[in-house]
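One structure below.
Residue numbers begin at 1 in each chain, while the letters A, B, ... track the order of the sequences. Only this structure's heavy atoms are used, side chains among them; waters, hydrogens and symmetry mates stay out.
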Amino acid sequence: MDNSSQNVVAIKKILSANDTGKTGGHQGGMLIPKTVLSFFPDLGNGVKNPRYKLRFRDEEGNVWTFNFIYYNNKFFSEKGKRNEYRLTGMTRFIKENNLQPNDSIILERNSSMELCIKYERSQVQESDNSECMSILKLGSSWKVVNL
DNA sequence: AGCCATGCACCG
DNA sequence: CGGTGCATGGCT
């Protein structure tokens, strides 16, 4: 095995309200805390606002393209103050999965360097449809019966 | 350092 | 024209 290139395989980011767009922001993505940067390819600081397009596969097999951007104008202009990383282009992913603030997004890299994305809910879903659609865990002697 | 917010460009 | 993302300012 050769693990010299990457040792961080999975990261988890708890979504802020702004990340999900709930606060009226339309930045379309989330901030990447520096503590989790080693998961991502190095963007360097040679140019202003460098970026990569990264493809992530979700658990249903859909592929999403997000932009990993380093906003670093702090190092390129007198008045620049930006020095942070963001992953953008996630609006549709967040909407389709109905992700809320405090939910988590988990990014993983498998052995072939393929990126995957999944999510984890920390809040109980709003009880609009709690009547009949709770998650059901089936034991081996149970089966689903259609009425 | 991280999160909130927004004017504008682009694109369907 | 509405939704989306860029780039950036500002607040905590």
Suppose we screen for side-chain contact (heavy atoms from CB on, under 4.5 Å). Which residues come up paired with [X], at least two apart in sequence or across chains?
X: Asn62(A); answer: Asp58(A), Glu60(A), Trp64(A)
X: Ile11(A); answer: Val8(A), Val36(A), Phe39(A), Phe40(A), Leu107(A)
X: Ile14(A); answer: Asn102(A), Ser104(A)

Taking salt bridge (charged side-chain N to carboxylate O under 4.0 Å, His left out) as the definition, give me every residue that meets it alongside [X], ordered by chain and number, with sequence neighbours left out.
X: Glu108(A); result: Lys118(A)
X: Arg92(A); result: none
X: Lys22(A); result: none

Please state how far atom [atom1] in [X] lies from atom [atom2] in [N], giving the value in whole angstrom units.
X: Met30(A); N: dC4(B); atom1: CE; atom2: P; answer: 13 Å
X: Phe93(A); N: dG5(C); atom1: CZ; atom2: C1'; answer: 18 Å
X: Leu31(A); N: dT12(C); atom1: CG; atom2: C1'; answer: 14 Å
X: Asp19(A); N: dA5(B); atom1: CG; atom2: P; answer: 12 Å
X: Ile69(A); N: dT8(C); atom1: CD1; atom2: P; answer: 11 Å
X: Tyr71(A); N: dG2(B); atom1: OH; atom2: P; answer: 17 Å

Give the minimum heavy-atom separation between Gly44(A) and Pro50(A), together with the two atoms involved. O-CG, 4.0 Å
How close do Lys13(A) and Leu31(A) get, counting heavy atoms only, and between which atoms?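 Closest approach of Lys13(A) to Leu31(A): CE-O, 3.0 Å.
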Step through the shown structure and confirm whether more than 12 heavy atoms of other residues, nucleotides or ligands are within 6.0 Å of NZ on Lys81(A).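 No.
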Do Ile106(A) and Glu120(A) pass the side chain to side chain contact (heavy atoms under 4.5 Å, CB included) test, and can you show the C-alpha distance, the side-chain angles, and the key distance before you say yes or no? CA-CA 7 Å; Ile106(A) 295 149; Glu120(A) 195 173 83; 3.7 Å; yes
Please list, for nucleotides 6-8 of chain B, all pairs of protein and nucleotide N/O atoms separated by less than 3.5 Å.
from	atom 1	to	atom 2	distance (Å)
dG7(B)	O6	His26(A)	NE2	2.4

Going by number, which of residues 47-66 of chain A have a non-hydrogen atom under 4.0 Å from DNA chain C? Lys48(A), Asn49(A), Arg51(A)
Which of residues 73-90 of chain A have a heavy atom under 4.0 Å from DNA chain C? Asn73(A), Arg82(A), Arg86(A), Thr88(A), Gly89(A)
Give a yes-or-no answer on whether the side chains of Glu96(A) and Asn98(A) include a donor-acceptor pair shorter than 3.5 Å.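 Note: Glu96(A) and Asn98(A) side chains miss the donor-acceptor criterion.
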How bent is the helix from dA1(B)-dT12(C) to dG12(B)-dC1(C), measuring the angle between the end axes built from five pairs each, rounded to 10°? 0°
Pairwise side-chain hydrogen bond (donor to acceptor under 3.5 Å, both in side chains) hits with a residue in residues 44-56 of chain A, at least two apart: Lys53(A)-Asn67(A)
Taking ring pair (Phe, Tyr, Trp, His ring centres under 6.0 Å) as the definition, give me every residue that meets it alongside Phe56(A), ordered by chain and number, with sequence neighbours left out.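 Only Phe66(A) meet the ring pair (Phe, Tyr, Trp, His ring centres under 6.0 Å) criterion with Phe56(A).
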OP1, OP2 of dG3(C) versus side-chain N and O of Thr91(A): anything below 4.0 Å? no
Base, sugar-phosphate alone, or nothing: which one does Lys13(A) contact when heavy atoms must sit under 4.0 Å apart? sugar-phosphate
